[in-house]
Amino acid sequence: QLSERFQSAFRSLTGRGRLSEANIEEALREVRRALLEADVNFKVARGFVEDVKARAIGEDVLKSVTPGQQMIKIVHEELAALLGGRADTFRIPSGAPAVVMVVGLQGSGKTTFCAKLASYLRQRGKSPLLAAADTYRPAAQDQLATLGGQLGVPVHVGEAGADPVGIASTALREARETGLDVVILDTAGRLHVDEDMMSELDRIREATKPVEILLVLDSMTGQDAVNVASEFAGRLDFSGAVLTKLDGDTRGGAAVSLRAVTGKPIKFAGVGEKLDALEMFHPDRMASRILG
Amino acid sequence: ALDRGTGLDSAALDSIEETLIAADLGVETAMHLIAGLRERFGSGATTEDEVREFLALEIERALQAAETEGVQGEPGAPLVVMVAGVNGVGKTTTIGKLSRLHVDEGRSVILAAADTFRAAATEQLSIWADRSDAHFVGGQLGGDAAAVAYDALDAAIARSADVLIVDTAGRLHTQKNLMQELVKVKRVLGKRLPSAPNELLLVIDANTGQNALSQARMFDEALGLTGLVLTKLDGTARGGIVVAIARELAIPVRFVGTGEAIDDIEPFDSSEFAKGLLG
Ligand SMILES: Nc1nc2c(ncn2[C@@H]2O[C@H](COP(=O)(O)OP(=O)(O)OP(=O)(O)O)[C@@H](O)[C@H]2O)c(=O)[nH]1
Ligand SMILES: Nc1nc2c(ncn2[C@@H]2O[C@H](COP(=O)(O)OP(=O)(O)OP(=O)(O)O)[C@@H](O)[C@H]2O)c(=O)[nH]1
Ligand SMILES: [Mg+2]
Ligand SMILES: [Mg+2]
């Protein structure tokens with residue numbers, strides 16, 4: 001535990017009860033190690049430790065009666081702040097059907113999240129339409145249609161071999177014509193370094209003008225989270241992220257990497273396979289989880 | 001700077017450690033490799049090439065130490081492969097690719113859709129069976145996974161199929177009841193055919209960080225793993241966590257997944273992989 005590691009870091013090195021900068025350095029090494037073990041990207045961890053160091057010195061941690069406890073408090077606060085920013089509430093403007101576009105790497109949990117979001121919005125008085133714009137993955141359309149069926153939410157399925165941009169456009173038209181007010185657009189998983197697939201997302205965005213573009217990120221993602229997040233941010237300027245599979249025991253440092261590199265808000269947490277397993281993201285809880 | 005053949009000072013070692021961390025080897029394994037570097041080179045003049053070569057060799061050795069012989073079925077019985085892993089890592093797709101490999105080598109293959117939980121999981125595997133010219137056994141959504149596995153093995157024996165590959169639902173290693181379900185699937189296979197499953201593969205997503213080690217521990221403890229498949233190496237993640245898994249659990253990587261098409265699979269090459277980790 002970080003608190004135990006801090007105990008030993010702040011045990012006096014001179015044996016005469018006097019603490020020095022060396023104690024702070026030792027404690028900072030423990031913070032860095034804890035963050036790396038939690039999958040925070042090493043560059044992000046380095047920057048974060050610098051900020052903690054500045055605060056520790058600025059708040060005269062060495063003069064505290066309980067320096068270890070004070071450090072923990074600083075680390076936790078700094079981490080929660082980095083993870084939180086302004087908790088953007090997820091609001092869909094009323095009026096013309098609004099489009100929420102859901103994107104991310106293969107297998108991150110997009111299709112499941114689309115269904116969860118449909119359920120969430122319907123509970124809040126919206127009439128969603130699920131749009132199955134993944135024409136690549138075998139039985140992807142089937143998967144979304146089945147989930148929509150379980151919820152009693154309509155699903156716009158594309159024709160075989162149809163173009164995802166076309167499916168997105170016709171889904172939007174269907175929503176207008178049938179008086180539905182949100183289109184939740186499920187897209188195929190893709191690599192951030194796949195030029196053709198990333199430009200397909202540009203075209204889908206162009207055609208549907210989404211009010212929200214959500215990056216769905218697997219919470220067990222490791223060091224590479226910085227590359228995925230910055231590439232998607234650079235290309236699409238997504239409006240928020242969803243962190244999935246948080247019902248597992250992964251520490252979830254990818255959340256820190258995402259926040260540090262893009263500054264985008266994390267709006268939702270996926271906490272299970274069932275369609276009601278969706279929560280708002282809690283920065284404070286996440287900070288505790290990451291610090292172990 | 002290392003490239004001027006100067007010593008391995010702490011700045012140089014820190015930078016090397018960061019390269020290893022960036023590849024998801026983890027703090028423990030990175031520190032172990034750095035200690036090896038210090039021991040080998042001390043602070044004497046060293047070039048970047050020498051360091052790279054040393055690390056690549058050490059990583060390769062760690063991976064090779066876990067390698068085992070390829071698995072065969074018992075004579076007159078099908079080779080039975082059971083595939084497990086957490087959600088979304090690429091199990092079903094990998095099975096389609098493995099199926100193609102076996103069929104291309106002239107074997108008859110049956111794919112068992114023992115994921116009876118997730119929407120359209122059976123349909124998805126059925127498409128891979130078509131694409132790979134394999135036979136298919138599936139069950140009802142919500143049905144008993146172990147029953148599907150049993151029926152498929154029964155069919156494989158009756159039809160003298162060469163290979164049976166059993167797909168299972170994704171599940172987190174922390175979900176006790178779901179891990180118990182997997183144990184039951186394995187046990188039921190063994191009841192029908194004592195040698196089954198001959199191969200028990202854990203599929204790991206190369207994007208995964210340290211949690212993959214946790215996954216390997218728990219799946220190994222529950223089932224006894226004979227190998228890993230590391231998927232999505234066509235992305236930018238390096239998958240270094242398999243080195244930590246090799247060191248701690250001695251589980252070898254059998255294959256790597258390099259894309260979404262049926263041919264995007266290769267047998268694991270520890271030397272090539274080690275070099276790729278160092279970027
Ligand atoms: N435990 C858990 N599983 C989840 C969660 N979200 C999704 N899953 C599971 O993760 C797997 C992948 O989910 P999908 O919704 O198919 O992922 P995807 O991003 O649409 O995948 P592609 O379309 O292939 O890119 C499925 O087994 C889901 O049930 C979650 O929050 N917790
Ligand atoms: N780029 C890339 N994508 C892959 C690879 N292997 C699988 N995928 C994709 O990852 C996504 C998930 O693959 P699945 O085969 O459904 O994964 P799974 O483990 O069976 O998922 P669940 O059954 O839901 O737990 C799909 O979009 C696949 O096309 C790979 O090697 N590279
Ligand atoms: Mg999907
Ligand atoms: Mg599957």
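Sequence lines set the chain letters: A, B, ... in the order given, protein chains first and strands last, and positions in each chain run from 1.
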Colleague: A:Leu105 versus chain B, heavy atoms under 4.5 Å apart: side chain, backbone, both or neither?
Modeller: side chain
Colleague: Would you compute the distance between atom OG of A:Ser108 and atom CG of B:Asn207 and round it to the nearest 0.5 angstrom?
Modeller: 9.5 Å
Colleague: What part of B:Thr174 lies closer than 4.5 angstrom to a heavy atom of chain A: side chain, backbone, both or neither?
Modeller: side chain
Colleague: B:Asp24 and A:Gln223: which non-hydrogen atoms are nearest, and at how many Å?
Modeller: OD1-N, 3.0 Å
Colleague: Please give me the minimum heavy-atom distance between B:Ala120 and A:Ala139, naming the atom from each residue.
Modeller: CB-O, 3.7 Å
Colleague: For the candidates B:Thr231, B:Val27, B:Thr93, which exhibits the highest count of non-hydrogen atom pairs separated by less than 4.5 Å from chain A?
Modeller: B:Val27
Colleague: Under the side-chain contact (heavy atoms from CB on, under 4.5 Å) rule, what do A:Thr146 and B:Glu123 come out as? Steps first, then yes or no, please.
Modeller: CA-CA 11 Å; A:Thr146 300; B:Glu123 290 79 350; 6.0 Å; no
Colleague: So which of B:Asn87, B:Ile127, B:Thr122 has the largest heavy-atom pair count under 4.5 angstrom toward chain A?
Modeller: B:Asn87
Colleague: Heavy-atom distances under 4.5 Å only: say whether B:Ile21 touches chain A with side chain, backbone, both or neither.
Modeller: both
Colleague: Would you say A:Glu25 has more than 12 foreign heavy atoms packed within less than 6.0 Å of its CD?
Modeller: yes
Colleague: What part of A:Arg32 gets within 4.5 angstrom of chain B, counting heavy atoms only: side chain, backbone, both, or neither?
Modeller: side chain
Colleague: Any residues in residues 38-51 of chain A near chain B, with a heavy-atom distance under 4.5 Å, and which are they?
Modeller: A:Asp39, A:Phe42, A:Arg46
Colleague: Does either side chain, that of A:Gln106 or that of B:Glu260, offer a donor lying less than 3.5 Å from an acceptor on the other one?
Modeller: yes
Colleague: Does any part of the side chain of B:Gln210, heavy atoms only, come nearer than 4.5 Å to the side chain of A:Met220, both counted from C-beta?
Modeller: no
Colleague: If we only count heavy atoms from C-beta on, is the A:Asp249 to B:His173 side-chain gap below 4.5 Å?
Modeller: yes
Colleague: Would you say that A:Glu37 contacts B:Glu28 through its side chain, given a criterion of any heavy-atom pair below 4.5 Å between the two side chains?
Modeller: no
Colleague: What residues, two or more places apart in sequence or in another chain, satisfy ring pair (Phe, Tyr, Trp, His ring centres under 6.0 Å) together with B:Phe255?
Modeller: none
Colleague: Going by heavy atoms in the side chains, are A:Asp247 and B:Leu172 under 4.5 Å from each other?
Modeller: yes
Colleague: Is it the backbone or the side chain of B:Met218 that comes under 4.5 Å from a heavy atom of chain A, or both, or neither?
Modeller: neither
Colleague: Relative to chain A, which segment of B:Arg131 carries a heavy atom at a distance below 4.5 Å: side chain, backbone, both, or neither?
Modeller: side chain
Colleague: With a cut-off of 6.0 Å (strictly less than), are more than 12 heavy atoms of other residues, nucleotides or ligands near CD of B:Glu272?
Modeller: no
Colleague: CG/A:Leu36 to CD/B:Glu18 distance, rounded to the nearest 0.5 angstrom?
Modeller: 8.5 Å
Colleague: Of the backbone (N, CA, C, O) and the side chain (C-beta and beyond), which part of A:Asp142 lies under 4.5 Å from a heavy atom of chain B, both, or neither?
Modeller: both
Colleague: Side chains of B:Thr236 and A:Asp224: donor-acceptor distance under 3.5 Å anywhere?
Modeller: yes
Colleague: If you define the side chain from C-beta out and look only at heavy atoms, does anything of A:Gln143 sit under 4.5 Å from B:Arg118?
Modeller: yes
